There are 2 protein chains.
Amino acid sequence: MLTQERHQLILQQLAQYGTVKIKELILLTDASESTIRRDLSELENAGQLTRIHGGASTINTISHELSFPEKSTKNQVEKMAIAKAAASMVEDEEYIYLDAGSTTYEMIPYLQNKKIVVVTNGITHIDALSNYEITTYLTGGYVKHNTKALVGQGATTSMESYRFDKCFLGVNGVDFNYGFTTPDPEESFIKKTALRYSQKSFALADFTKLNKVSFSKIADLEDMTLITNETEDNRLLPYKNLSNIKVV
Amino acid sequence: MLTQERHQLILQQLAQYGTVKIKELILLTDASESTIRRDLSELENAGQLTRIHGGASTINTISHELSFPEKSTKNQVEKMAIAKAAASMVEDEEYIYLDAGSTTYEMIPYLQNKKIVVVTNGITHIDALSNYEITTYLTGGYVKHNTKALVGQGATTSMESYRFDKCFLGVNGVDFNYGFTTPDPEESFIKKTALRYSQKSFALADFTKLNKVSFSKIADLEDMTLITNETEDNRLLPYKNLSNIKVV
DNA sequence: CAGTTTTCAATCATAAACTTTCAAAAACGT
DNA sequence: ACGTTTTTGAAAGTTTATGATTGAAAACTG
């Protein structure tokens, strides 16, 4: 990746979110920590940003915070790492279902330049997918106001017209006995539908979701490949022996 | 490959991506590294690009980002007046189809507090509709990157599940003989579908669209009620005697 | 506030990109 | 066909960018 490309990416992230962490930039650019630090120094000297502990922020953070919604930075780096691993599963010429949700959203930058077709029920994904010029279809359906996800009969019906090589679903609970779960039965039903029409399915869950059980069941553990991240404790222990698990 | 061809290719890549790597150019041209370097030097001396470590970039990458910002607020006042009049046609308990486009978008603030259900193919409408807590369904379909409108078979199919009391469509051409027209046949087809499933239909067009004919026909004049605005000239003259016209 | 973890700046060796040079190949003109 | 000019690709030596390492500084934790 060219120096200028990195600089542009950094400034773009800042314009979008107001702040950015070094670890996020490392994931986005595949550059080393040293390189990112050098980039931030240069951009700071050029007066394009201000460095803060752990990352950088726009010069005038105040105005930005008011006009733009803050990126929820909770487990952001973990989510990006998982998203990156998930995106690496995608190959050219494939048809992909991308679930609504923040983790699947983070996959989009890593799908750049892949010759794929994406179907999604996440309205928030559309802008990013358009920016990267990825061919996109949206399912129809009822608009959930809080999450901007499409659900209901309209969503499932429109999915019946499609078949996917791979689907990527966010899940809120992973449990050895209860399998994959999520709070909203409506969304759960959409996920199940995606699952049914996909050759291969992936569940994205950061470590905070492990050994949690949510309300509505999506599938059993063996039905999807779990993509999650390493932790220092032994939360992952029950799953270590599973064949369909990828730990980043 | 001719020198001139290479130069053209380099400039074309730059125009498309803003930056280009030397390794990419080697692959694209089958020329040696030395040759590409010479090309870049020459083009830099000619003031056509700036070389950077690893490749080259356009002189002012900033201009690319500046082209983004604001879309023309052309005829904004007229559009709002028309939108307001259109929204006043909507009554409680009705099921409404709201077409994608800037004029129909302006209707949304005026729909506040109405107990209605809205179906739309305009992704850009969703945020506003959510803000006003209006029950919303989105049609599915292919995402047109530039307009963020949903089109294609998926869109029309999903509309078949719905029936509307009223639909509001933006049109680009209104002509006494040719009726209502719009540039994109795909979008035209969606509008026709909405029309078919609506009890009553409204076409929104500011005075600049009058006596214009666009490529793809939507309907005849008598099929929709035209909502447009007053002008000082006599553009409106041919339509004055129509029963289904509302001038604001 | 002491101990731990994370982040940071500085340094250095390596790898990648760059410039210069030169000889071979291709294109050109007579 | 012959010599001349232009273009090309490879090689040498130079510069720049990068990633790993290390100890210091800052933030976090109990």
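Chain naming here is simple, since letters A, B, ... match the order of the sequence lines and numbering starts at 1 in each. Please read all numbers here as calculations on a predicted model, not as lab measurements.
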Residue pairs meeting ring-ring contact (aromatic ring centres under 6.0 Å, His included), one or both in residues 170-206 of chain A, sequence neighbours left out, come to A/Phe168-A/Phe202
Do the ring centers of A/Phe164 and A/Tyr95 come within less than 6.0 Å of each other?
no
When you look at [atom1] of [X], are more than 12 heavy atoms from neighbouring residues, nucleotides or ligands closer to it than 6.0 Å?
| X | atom1 | result |
| --- | --- | --- |
| A/Glu222 | CD | yes |
| A/Glu42 | CD | yes |
| B/Lys148 | NZ | yes |

Stepwise salt bridge (Lys or Arg N to Asp or Glu O under 4.0 Å) check, B/Asp30 with B/Arg6:
CA-CA 10 Å; B/Asp30 277 321; B/Arg6 282 199 315 274; over 6 Å; no
d([atom1], [X]; [atom2], [N]) in whole Å:
| X | N | atom1 | atom2 | value |
| --- | --- | --- | --- | --- |
| B/Leu40 | D/dT8 | CG | C1' | 15 Å |
| B/Gln4 | D/dT7 | CD | P | 12 Å |
| A/Arg6 | D/dA17 | CZ | C1' | 8 Å |
| B/Met1 | D/dT7 | CE | P | 16 Å |

Given protein heavy atoms under 4.0 Å, the one-letter contact record of nucleotides 4-27 of chain C, with B base, S sugar-phosphate only and - none, is simply ---SBS-------SBB--------
Would you please confirm or rule out a distance under 4.0 Å between OP1 or OP2 of D/dT8 and any side-chain N or O of B/Thr35?
no
Assuming nearest nucleotide by heavy-atom distance, tell me which of A/Asp39 and B/Leu2 is located more 5' along DNA chain D.
B/Leu2
